[in-house]
Number of protein chains: 2
Amino acid sequence: MDSGPGWELWRTFGAVMRAGSLSGAARALGLTQPTAGRHIAELEAALGAGALFTRSARGLQPTETALALASEAEAMAAAAAALVRTASAPGDAICGIVRISVSEVIGAEVLPPILAALRTQHPGLMIELLLTNASSDLLRRDADLAIRMTEPRQQALLVKSVGRIRLGFYAHREYLARAASIDSAADLARHATIGFDRDAASIRSLEAAWPDLPAFALRTDNQLAQIALIRAGCGIGVMQGAIAHRDPALIPILPETFHAHLPVWIAMHEDLRSTRRMRLVFDALVDGMTAYVRTGSERQR
Amino acid sequence: MDSGPGWELWRTFGAVMRAGSLSGAARALGLTQPTAGRHIAELEAALGAGALFTRSARGLQPTETALALASEAEAMAAAAAALVRTASAPGDAICGIVRISVSEVIGAEVLPPILAALRTQHPGLMIELLLTNASSDLLRRDADLAIRMTEPRQQALLVKSVGRIRLGFYAHREYLARAASIDSAADLARHATIGFDRDAASIRSLEAAWPDLPAFALRTDNQLAQIALIRAGCGIGVMQGAIAHRDPALIPILPETFHAHLPVWIAMHEDLRSTRRMRLVFDALVDGMTAYVRTGSERQR
DNA sequence: CACTGTCCATACGATCCTGTATATCTGCTC
DNA sequence: GAGCAGATATACAGGATCGTATGGACAGTG
């Protein structure tokens with residue numbers, strides 16, 4: 001009836017998987033290399049499933065067994081981090097840590113003013129922003145809240161729809177001044193278009209929206225870089241209308257022909273509903289994103 | 001850059017939440033009461049969010065803060081348990097632990113022969129059966145595999161549909177011999193019907209399938225008990241056709257009028273796909289449940 | 001009211017764990 | 001090839017952690 005190895009051992013196991021070496025893991029955890037080594041040795045002995053790593057002078061290489069454990073160790077680490085966040089303040093206080101998972105574009109272009117207002121009202125609130133396009137797992141509590149562009153369908157989540165973001169092609173005035181005029185979709189072929197490089201999912205969804213798009217001249221998977229390229233007058237690219245309209249120098253290209261919509265949801269784990277600061281940030285995100293989405297649709301008229 | 005309290009502290013925290021006392025937690029974890037007390041004290045000091053428990057001579061009562069942490073501590077414990085299971089054998093060996101979450105009825109009436117065959121072929125396999133009607137969380141890894149009656153819609157899950165289970169009313173021959181005859185649905189009102197007691201969800205789904213069902217005379221939320229009551233000749237109740245047909249003494253009641261179907265899925269976390277024993281048990285469950293579902297539909301013709 | 005069982009808090013000695021220091025190996029650079 | 005940087009493994013002393021033992025508080029029971 002042994003309930004497994006000490007949880008501390010799993011912590012160093014996860015650190016070793018991430019760092020790739022005992023020394024690196026020890027640095028990350030504030031331990032020393034001999035201690036990390038002892039932990040791994042103890043874990044291997046306790047599991048009895050053979051070695052977890054093959055030692056070398058260049059670090060530790062995980063075995064098959066260790067690789068199979070990696071994702072679960074990450075889940076355990078995520079749970080531990082979530083515990084620390086939730087415990088960072090009494091449940092009814094408006095202070096402590098809240099971790100938000102958003103796409104890079106929303107995080108860099110849209111959220112800052114919303115969060116600034118929130119922090120002015122509640123200086124005790126500490127925000128962790130997880131900027132990733134791969135939707136991280138709310139159930140695994142990689143984050144407390146998330147802004148999603150695909151509908152979350154998990155029943156343990158509290159989800160609220162806030163509308164749709166308008167997407168369109170834009171280019172800087174200066175680029176258009178020195179480039180050929182654009183009267184129809186066919187003209188795009190003579191222009192410098194900005195788009196994705198290897199991100200197959202994004203490329204497919206673009207092709208679905210605009211079937212006969214010419215090949216991109218400037219390619220990057222980083223959408224912030226795409227926006228920066230558009231602003232710098234490098235060519236024509238896709239961006240959110242509400243962001244583009246802030247800058248009068250950004251001109252919509254064939255808005256009647258090229259437009260699409262991204263639905264937006266705010267999501268939170270149900271268990272956090274009763275934690276006041278989580279609920280507050282959730283509501284603030286709903287309000288802020290609703291307002292943001294609305295500016296986009298107003299300007300397009 | 002402190003990464004939170006020691007994970008061992010979270011382990012005893014969870015144990016204290018479950019046990020309701022330091023002593024109980026210590027017993028569960030193989031520690032002593034002073035150690036458990038020290039852990040909680042250390043945790044409270046590290047979090048700085050006030051007390052987690054109010055001490056009393058009758059045990060520890062969790063505060064609001066502790067209650068907010070309970071579900072996340074459970075998630076962490078589930079992750080730790082999953083790690084132990086996955087590590088219970090090298091990934092490519094057909095031995096080690098597999099944890100299956102199923103409903104009580106399936107677990108008690110349907111799975112045993114399937115699992116017996118599996119264990120005969122692979123004696124090294126160790127099976128943990130989690131018999132619960134509340135669908136436990138596969139993403140949180142409360143279990144490795146699950147047999148579900150509602151479609152799992154989470155993208156991280158590997159799901160396979162195996163057909164539908166036929167449900168119907170049944171009664172024992174001896175009960176029918178001494179009771180009034182049944183020629184139409186209205187006759188049921190004069191009979192001893194067996195059904196749910198307080199399980200609102202099940203009652204609603206029964207009412208949805210058969211709107212004008214008379215009030216149950218014998219009530220229990222335990223479906224195994226319902227089946228036992230039917231077999232003992234206590235009255236008429238709902239059960240899976242494939243189970244009823246094993247016993248020639250169980251007679252279908254108005255099969256044309258009363259019948260419904262429960263869809264069945266086998267589900268597994270995607271990450272486990274590459275673990276051979278998990279995949280093996282998954283396939284065995286798919287095969288076994290497909291065969292089971294088929295016997296039910298063959299006998300009804 | 002005493003008795004009993006269960007609980008938490010505290011003191012103290014033994015043990016386990018950790019960190020420091022050192023040896024050794026490997027790959028890279030000059 | 002020497003020197004360096006970074007890795008793991010081992011030896012040993014100090015300190016943190018644990019378990020044992022004990023005291024006190026509370027609820028239930030005869």
Side-chain angles (χ1 to χ4, degrees), chain A residues 1-48 50-67 69-70 73 80, chain B residues 1-48 50-67 69-70 73 80:
Chain A
M1 203 50 218
D2 184 22
S3 58
W7 286 13
E8 234 29 91
L9 303 184
W10 289 122
R11 163 137 83 166
T12 70
F13 169 77
V16 171
M17 287 298 288
R18 275 191 294 275
S21 74
L22 294 179
S23 317
R27 277 192 299 272
L29 265 60
L31 301 175
T32 56
Q33 169 259 322
T35 303
R38 275 188 292 259
H39 282 180
I40 297 301
E42 190 181 342
L43 196 55
E44 288 173 331
L47 296 179
L52 289 171
F53 299 92
T54 54
R55 270 78 166 173
S56 81
R58 199 163 71 261
L60 267 66
Q61 193 170 3
T63 63
E64 291 277 325
T65 310
L67 287 173
L69 297 172
Chain B
M1 203 51 220
D2 184 23
S3 58
W7 285 13
E8 218 61 55
L9 303 184
W10 289 122
R11 164 136 83 165
T12 69
F13 170 78
V16 170
M17 286 297 289
R18 275 191 294 275
S21 74
L22 294 179
S23 317
R27 278 192 298 272
L29 265 61
L31 300 175
T32 57
Q33 169 260 322
T35 303
R38 276 189 292 258
H39 281 180
I40 297 301
E42 191 181 341
L43 196 55
E44 288 173 331
L47 296 179
L52 289 171
F53 299 92
T54 55
R55 269 79 167 174
S56 82
R58 201 163 70 261
L60 267 66
Q61 192 169 4
T63 63
E64 291 278 326
T65 310
L67 287 174
L69 297 173

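Chain letters run A, B, ... following the sequence lines, proteins first, then strands; residues in each count from 1.
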Can you give me the first and the last nucleotide of DNA chain D (5' to 3') that has an atom within less than 4.0 angstrom of a non-hydrogen atom in chain B? D/dC18 to D/dC26
At less than 4.0 Å, is any side-chain N or O atom of A/Thr35 found next to OP1 or OP2 of C/dT18? Yes or no.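 Negative; the distance criterion is not met.
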Which pair of heavy atoms, one from [X] and one from [Y], lies closest together, and at what distance?
X	Y	value
B/Pro5	B/Leu47	CG-CD2, 4.0 Å
B/Phe13	B/Ile40	CA-CD1, 3.9 Å
B/Ala15	B/Leu29	CB-CD1, 3.1 Å

Grab the CD1-P distance between B/Ile40 and C/dC7 for me, whole Å please.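 Between P of C/dC7 and CD1 of B/Ile40: 15 Å.
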Rounded to the nearest Å, what distance is computed from the CZ atom of residue B/Arg27 to the C1' atom of nucleotide C/dG5? 11 Å
4.5 Å side-chain heavy-atom contact, B/Trp7 and A/Leu9: no
With a 4.5 Å heavy-atom cut-off, do B/Val16 and B/His39 have their side chains touching? no
All side-chain hydrogen bond (donor to acceptor under 3.5 Å, both in side chains) counterparts of A/Glu8, not counting sequence neighbours: A/Arg11
How is A/Ser23 classified with respect to the nucleic acid when contacts are heavy atoms under 4.0 Å: base, sugar-phosphate, or nothing? base
Checking all strands, does B/Ser21 fall into the base, sugar-phosphate, or nothing category for heavy-atom contacts under 4.0 angstrom?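 Sugar-phosphate: the residue B/Ser21, judged by heavy atoms under 4.0 Å, touches backbone atoms but no base.
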For the side chain of A/Glu44 and the backbone of A/Leu52, is there at least one donor-acceptor N/O pair under 3.5 Å apart?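 Here the side-chain-to-backbone pair exists.
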Spell out, as yes or no, whether a donor-acceptor pair under 3.5 Å connects the side chain of A/Ser23 to the backbone of A/Gln33.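 Side chain of A/Ser23 to backbone of A/Gln33, a donor-acceptor pair under 3.5 Å: no, none is there.
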Short heteroatom pairs, N/O only, protein and nucleotides 9-16 of chain C, under 3.5 Å:
| from | atom 1 | to | atom 2 | distance (Å) |
| --- | --- | --- | --- | --- |
| C/dA9 | OP1 | B/Arg55 | NE | 3.3 |
| C/dA9 | N7 | B/Gln33 | NE2 | 3.0 |
| C/dA9 | N6 | B/Gln33 | OE1 | 3.3 |

